[in-house]
There are 2 protein chains.
Amino acid sequence: MAANRRPTLADVAREVGVSAKTVSRVLNEDGYASARTREQVLAAVAKLGFQPNLMARNIRVGGPDTTIGLVVPDLGNPFFGAVAGSIEDTVRDRGLTLLMGSSADDPDRERALTDKFLARRVSILMVVPSVGADHSHLKAHRAAGLPVVFIDRPGAGLSTDSVVSSNRAGAHDGVAHLIAHGHRRIAFIGDLPTKLYTRRERLAGYRSALQEAGLPSDRSLVTNAHDQQGASAVTRRLLSLPEPPTALFAGNNIVALGIVTELARSARKDIAVVAFDDVPLAEVLEPALTVVAQNPEEIGRAAAAAALARLDGDRSRARTITVPTRLIARGSGESPAPARQEA
Amino acid sequence: MAANRRPTLADVAREVGVSAKTVSRVLNEDGYASARTREQVLAAVAKLGFQPNLMARNIRVGGPDTTIGLVVPDLGNPFFGAVAGSIEDTVRDRGLTLLMGSSADDPDRERALTDKFLARRVSILMVVPSVGADHSHLKAHRAAGLPVVFIDRPGAGLSTDSVVSSNRAGAHDGVAHLIAHGHRRIAFIGDLPTKLYTRRERLAGYRSALQEAGLPSDRSLVTNAHDQQGASAVTRRLLSLPEPPTALFAGNNIVALGIVTELARSARKDIAVVAFDDVPLAEVLEPALTVVAQNPEEIGRAAAAAALARLDGDRSRARTITVPTRLIARGSGESPAPARQEA
DNA sequence: TTGAAAGCGCTAACAT
DNA sequence: ATGTTAGCGCTTTCAA
């Protein structure tokens, strides 16, 4: 009783007294079958609890499997969860299913996952590339018709479709917002590692906003953190500088949590904050948190749409789709007008 | 150039001038192969970019596929994201990969997903069951050795392992905390639909805490909401009651967001709140939000461990694993001591 | 140490 | 309207 074989097409055929092919025809609604046979087959299928073996089918049909391989840094990060949900929504009626794994931003783990997905002959491969990962090994697959899409960051060594946020423009807008409200010493707390694409782009936006306003760029105000605790520590350090910043720009949602937590702990409501990426309860904070919101749903949708178009024969050259961010001013970027700094 | 066939074992064999079986042996390190052949084979594999077709392999070997099918209500919900991440961590060195899909709490979508997963011959099936879904169709698979685990809620029509939070005890503790701080009119805002297991359990905990304290249970204080906006509206309605509650108990994280948002909007810091499930920034709110924290990592770990044990031959009877919750008192459940209600 | 043949569960291509 | 044969890419079984 333990591990009895699952019934096969042949079992169903034997039960009814027809050939395997007839059962196949009925189940796939391919070709003709008499009403009587159809009924009998369906009855036998139900009786035996038969479920066609999709792997066997795929092998015979020869096409790719009806799965999408998706590699993200962290399954628990709500941003990537939202992206994944949106991809699923977009591909559901094509019958595609998500095969997911997390890389922890480790190139080796990323490679292991993509190799596994390729061995499964996924229909589409989507990757949030890790820093240091090389993707030239995917060239042949792409050439053979496998749609490959990079999400959130461009990949290295392979020219293919990618979908990213408007990191630079978004960060620029956020910092410009702070400048417009009188801030002149604005610190940047970015992602780690510093080579991360998103960090570099957002930092570039920060710098361009300062430059545009004719403000000096103080290297001691450009910092990094890779988790919430780290961001809190950096915040503390920045505020104890001889000439502390009057405003902080958070390079991502995790950093934002660390900043906000630290400011609350030290009761510093006089420090302005703008964060890249929205966080829950932002509007409830005091002051409410101003953010440069990303659009994970649209990122997922765009990535899926691009991949499906490739699957449908789109042979145009690789595109980079930039999904706009949106500045949501809630207060924390305005209050208070900083006192004039003394030199 | 577009869709040229991926190389097969036979292609590699032809390239080297050996039989397919020899190549297979080298790649699977099964049986003997001369150093020379091994080298040649490996070289040809690299040259052709050969990757064994896992589906074909599985079909021949006959065993289940190295995937875990996981059905959750919503890929974007961080709670389920954390559970999924924890499952992945636990099964990674067994070489298992996650096949994921969201049901939107719709029994039909849930069934479609589980059927698909079964057709793929997943090694393990894990489901967060939707209200109204029946799982008796899984009996045969379970009997045939497929580990099935229900997560967050028990399933219907099938006795199998399940992993849930200590919903009843947790809710009891949260409400008792409010009572201990002087509250006597405490409202419950639960999940929807009202048949949802988690809502029923948490409501039972709420009721038992009231009973234990000799407090009357006022039906007008037991309410529901199924999204953040709904929870805000319910909060508004409760506070405009002739005899409004002095404290609110949130039945889940989404409801908590709605309550907190509405209280902030109406500047009602006099209302105490305890929420089931933790939310980011809870400690930064004013007052900081007291919660009954769940442990999604442990839920995922326990679910995966139970399933792996079954895979390894554990034939003991179905267990329900209850993962403890933890009351984290941060302030919102204490302040202020309510004024004595006037009859 | 290697190979040939058979077969996993299914369907394409041709029968009939 | 149904059946037969062959074969997808791989591994098992047996032989050499």
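As the structure is a prediction and not an experimental result, all values here were calculated from the model.
The base of D:dG3 sits with one of its N or O atoms less than 3.5 Å from a complementary donor or acceptor on the side chain of A:R25. Side-chain to base pairing of A:R57 with C:dG9: no donor and acceptor N or O lie closer than 3.5 Å to each other. With hydrogens and angles ignored, a donor-acceptor pair under 3.5 angstrom links the side chain of A:R60 to the base of D:dG7.
A close approach under 4.0 Å does not occur between any side-chain nitrogen or oxygen of B:S24 and OP1 or OP2 of D:dC10. Between B:T8 and D:dG9 there is no side-chain N or O to OP1 or OP2 distance below 4.0 Å.
Proximity of a side-chain donor or acceptor of B:R25 to a complementary backbone N or O of B:R38 within less than 3.5 Å is not detected.
Within the nucleic acid shown, A:S19 comes within 4.0 Å of at least one base atom, counting heavy atoms only.
At whole-Å resolution of the value, NZ in A:K21 and P in D:dT4 are 14 Å apart. Remark: P of C:dT11 and CE of B:M55 are 13 Å apart, rounded to the nearest angstrom. At whole-Å resolution of the value, CG in A:D11 and C1' in C:dC8 are 13 Å apart. Taking atom CD of A:E39 as the reference point, atom C1' of D:dA1 lies 16 Å away to the nearest angstrom. Whole-Å rounding puts the A:N53 CG to C:dG7 C1' distance at 14 Å. Rounded to whole Å, the distance from CG on B:L9 to C1' on D:dT12 is 14 Å. Whole-Å rounding puts the B:R6 CZ to D:dC10 C1' distance at 15 Å. Atom CG in A:D65 sits roughly 14 Å away from atom C1' in C:dC10 (whole-Å rounding).
If B:V61 and A:A56 are placed on DNA chain D by their nearest nucleotide, the residue sitting closer to the 5' end is A:A56. Toward the 5' end of DNA chain C, the nearer of the two residues A:I59 and B:G17, judged by each one's closest nucleotide, is B:G17.
Within residues 26-37 of chain A, the residues having any heavy atom closer than 4.0 Å to DNA chain C are, in order of number, A:N28.
Between B:E298 and B:R301, at least one side-chain N (NZ, or NE/NH1/NH2) sits under 4.0 Å from a carboxylate O, which counts as a salt bridge. Note on A:D108 versus A:R111: no salt bridge recorded, every NZ/NE/NH1/NH2 to OD/OE distance being 4.0 Å or above. For A:K21 and A:D30, the salt-bridge test passes: some basic side-chain N is under 4.0 Å from an acidic carboxylate O.
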Exercise. Begin with the C-alpha distance, continue with both residues' side-chain angles, and end with the deciding distance and a verdict on side chain to side chain donor-acceptor pair (under 3.5 Å) for A:T66 and B:R120.
Key: CA-CA 10 Å; A:T66 57; B:R120 284 182 179 287; 2.7 Å; yes
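Residues A:R153 and A:P73 come closest through the heavy atom pair NH2-CG, 3.7 Å.
Under 3.5 Å, the side chains of A:Q51 and B:H137 contain no donor-acceptor pair of N or O atoms.
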